[in-house]
Peer 1: 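I have a structure I would like to understand better, so I am pasting it below and will then ask my questions one at a time.
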Amino acid sequence: MVNAAKLDIKEEIPRVCRLQTARNNVPYSTEEEYYRRAVYVQYQNDFCNSLKKRFESHKETVASLQYILPEFCTKTDFYSLEAAFNFYEEDLSHKEVVQSEFMLWKEKWSQENSENLPKTALSSLEKCDKTFFPNIYILLKLPAVLPVSVATVERSFSSLRRLNTYLRNTTSESRLNGLSIHRDIKIRDEEVLDKFASVPRNLDFVL
């Protein structure tokens with residue numbers, strides 16, 4: 001209602017009918033209460049239902065992926081991971097093979113102190129041998145690539161716009177992909193000079 005006053009819009013209640021066939025008239029005492037019940041609450045309910053419809057079906061699958069982490073696998077069994085296995089079954093081996101692999105993975109971390117257990121999917125992935133635990137490695141990659149947000153990607157695009165300007169529009173894609181934007185890479189000046197100098201640096205010039 002405050003925004004309506006700023007835009008010089010007069011709040012008016014739409015015409016109502018005495019006989020309603022689709023739904024009853026919204027009870028109200030003020031214009032603000034009418035629009036809250038007829039518009040805002042209806043929109044909010046529809047928005048919440050859309051979110052539930054989109055994410056509720058995957059909630060159990062995503063939640064079960066956490067039990068592959070060493071911090072949780074030592075306290076549970078393969079049954080907790082079954083929802084994730086059923087969803088990604090085509091990418092994994094036979095169920096008995098995955099279950100046996102999970103038991104070996106659990107036994108591996110049961111011998112470690114709780115302080116030394118990896119806490120995240122990325123740290124667990126670094127400790128996972130792909131040769132001995134191929135299915136565990138696949139399952140660990142799934143939570144590792146589920147981002148909380150896309151802020152890092154957005155920053156990369158912003159940096160790319162500063163690099164690929166109008167005067168550099170001929171820069172090839174391979175060159176842009178090789179540019180270090182957010183990576184901490186140590187570069188020696190001598191290596192850059194050796195690569196891009198037209199004449200080798202060790203060549204002695206005779207003036």
Side-chain angles (χ1 to χ4, degrees), residues 42-164 171-187:
Q42 302 297 329
Y43 170 78
Q44 191 178 42
N45 290 338
D46 183 70
F47 183 76
C48 293
N49 291 332
S50 299
L51 290 178
K52 290 181 180 179
K53 183 179 179 181
R54 180 174 182 180
F55 296 106
E56 192 70 24
S57 59
H58 302 288
K59 180 179 179 181
E60 184 179 0
T61 302
V62 175
S64 65
L65 284 174
Q66 66 179 332
Y67 296 108
I68 201 66
L69 301 179
E71 184 180 7
F72 299 102
C73 74
T74 57
K75 306 173 185 177
T76 186
D77 52 15
F78 182 76
Y79 177 78
S80 303
L81 196 66
E82 197 166 8
F85 171 81
N86 294 333
F87 190 83
Y88 298 103
E89 186 175 4
E90 296 180 358
D91 302 320
L92 302 171
S93 302
H94 197 267
K95 184 175 182 179
E96 284 73 13
V97 176
V98 180
Q99 187 173 2
S100 301
E101 197 172 308
F102 176 82
M103 297 303 297
L104 292 175
W105 177 256
K106 177 180 178 180
E107 183 65 23
K108 167 184 171 64
W109 296 109
S110 298
Q111 302 174 3
E112 296 286 342
N113 295 327
S114 58
E115 295 80 7
N116 299 330
L117 297 179
K119 307 298 182 183
T120 63
L122 288 176
S123 58
S124 303
L125 200 61
E126 295 176 354
K127 301 291 184 179
C128 180
D129 193 331
K130 187 178 180 180
T131 304
F132 293 100
F133 303 102
N135 295 285
I136 298 298
Y137 190 85
I138 294 175
L139 291 173
L140 281 174
K141 288 195 297 184
L142 297 173
V145 299
L146 292 176
V148 178
S149 66
V150 295
T152 303
V153 179
E154 295 295 338
R155 287 197 300 268
S156 299
F157 283 125
S158 299
S159 300
L160 182 61
R161 283 195 294 268
R162 291 195 295 268
L163 293 172
N164 192 15
T171 305
S172 62
E173 182 179 355
S174 59
R175 178 73 182 277
L176 291 173
N177 292 336
L179 292 175
S180 174
I181 298 177
H182 294 294
R183 292 173 293 179
D184 186 13
I185 302 178
K186 296 181 180 180
I187 301 177

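Just so we're clear, the structure is a prediction, and the values are computed from it rather than from any experiment.
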Peer 1: With Gln44, which residues qualify under side-chain contact (heavy atoms from CB on, under 4.5 Å), at least two apart?
Peer 2: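 Gln44 satisfies side-chain contact (heavy atoms from CB on, under 4.5 Å) with Tyr40, Cys48 once adjacent residues are dropped.
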
Peer 1: Return the minimal non-hydrogen interatomic distance between Phe78 and Phe102, and the atom names on each side.
Peer 2: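 Smallest heavy-atom distance, with atoms named: N-CE2, 3.5 Å.
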
Peer 1: Which atom names give the shortest non-hydrogen contact between Leu140 and Cys128, and what distance separates them?
Peer 2: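 Where Leu140 meets Cys128 most closely, the heavy atoms are CD1-CB, 3.8 Å.
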
Peer 1: To the nearest 0.5 angstrom, please state how far the NZ atom of Lys106 sits from the CG atom of Asp77.
Peer 2: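 Answer rounded to 0.5 Å: 6.0 Å.
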
Peer 1: By side chain to side chain donor-acceptor pair (under 3.5 Å), which residues pair with Ser80, not counting sequence neighbours?
Peer 2: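 Partners of Ser80 under the side chain to side chain donor-acceptor pair (under 3.5 Å) test: Thr76.
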
Peer 1: Which distance, rounded to the nearest 0.5 Å, do you find between the OH of Tyr88 and the CG of Leu142?
Peer 2: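 Rounded to the nearest 0.5 Å, the OH-CG separation comes out at 5.0 Å.
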
Peer 1: So, using side chain to side chain donor-acceptor pair (under 3.5 Å) as the criterion, who are the partners of Glu115 when residues are at least two apart?
Peer 2: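 By the side chain to side chain donor-acceptor pair (under 3.5 Å) rule, Glu115 matches no residue at all.
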
Peer 1: Among residues at least two apart in sequence or on other chains, which ones pass side chain to side chain donor-acceptor pair (under 3.5 Å) with Glu82?
Peer 2: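 Applying side chain to side chain donor-acceptor pair (under 3.5 Å) to Glu82 gives Lys95.
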
Peer 1: Could you pull out all donor-acceptor pairs under 3.5 Å where a side-chain atom in residues 63-75 meets a protein atom, sequence neighbours excluded?
Peer 2:
| residue | atom | partner | partner atom | Å |
| --- | --- | --- | --- | --- |
| Ser64 | OG | Glu60 | O | 3.4 |
| Ser64 | OG | Thr61 | O | 2.8 |
| Ser64 | OG | Ala84 | N | 3.1 |
| Gln66 | NE2 | Ala63 | O | 3.2 |

Peer 1: For the backbone of Asn45 and the side chain of Asn49, can you confirm whether one donor and one acceptor N or O come within less than 3.5 Å of each other?
Peer 2: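 Such a contact is found between Asn49 side chain and Asn45 backbone.
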
Peer 1: Taking only residues at least two apart or on different chains, which pairs with a member in residues 122-145 satisfy salt bridge (Lys or Arg N to Asp or Glu O under 4.0 Å)?
Peer 2: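 Every candidate salt bridge (Lys or Arg N to Asp or Glu O under 4.0 Å) pair involving residues 122-145 fails, so no pair, neighbours aside, qualifies.
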
Peer 1: Tell me the ring pair (Phe, Tyr, Trp, His ring centres under 6.0 Å) pairs involving residues 105-135, sequence neighbours left out?
Peer 2: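 For residues 105-135: Trp105-Trp109, Trp105-Phe133.
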
Peer 1: List the residues meeting ring pair (Phe, Tyr, Trp, His ring centres under 6.0 Å) with Tyr137, not counting sequence neighbours, and say none if there are none.
Peer 2: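 With sequence neighbours excluded, Tyr137 shows a ring pair (Phe, Tyr, Trp, His ring centres under 6.0 Å) to no residue whatsoever.
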
Peer 1: Are the side chains of Leu139 and Leu92 in contact, using a 4.5 Å heavy-atom criterion?
Peer 2: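 Heavy-atom side-chain distance check passes, below 4.5 Å.
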
Peer 1: Test of understanding: with side-chain contact (heavy atoms from CB on, under 4.5 Å), list the residues that count as partners of Ser100, not counting sequence neighbours.
Peer 2: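 Listed in chain order: nothing, the list is empty.
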
Peer 1: Excluding sequence neighbours, so at least two apart, what forms side-chain contact (heavy atoms from CB on, under 4.5 Å) with Asn116?
Peer 2: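 With neighbours one apart ignored, the set is Glu112, Asn113.
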
Peer 1: Which residues pass the side chain to side chain donor-acceptor pair (under 3.5 Å) test with Glu101, not counting sequence neighbours?
Peer 2: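 Counting only residues at least two positions away or on another chain, Glu101 forms a side chain to side chain donor-acceptor pair (under 3.5 Å) with Asn135.
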
Peer 1: Would you compute the distance between atom CG of Leu125 and atom CD1 of Ile138 and round it to the nearest 0.5 angstrom?
Peer 2: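 Interatomic distance, Leu125 CG to Ile138 CD1, rounded to 0.5 Å: 11.0 Å.
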
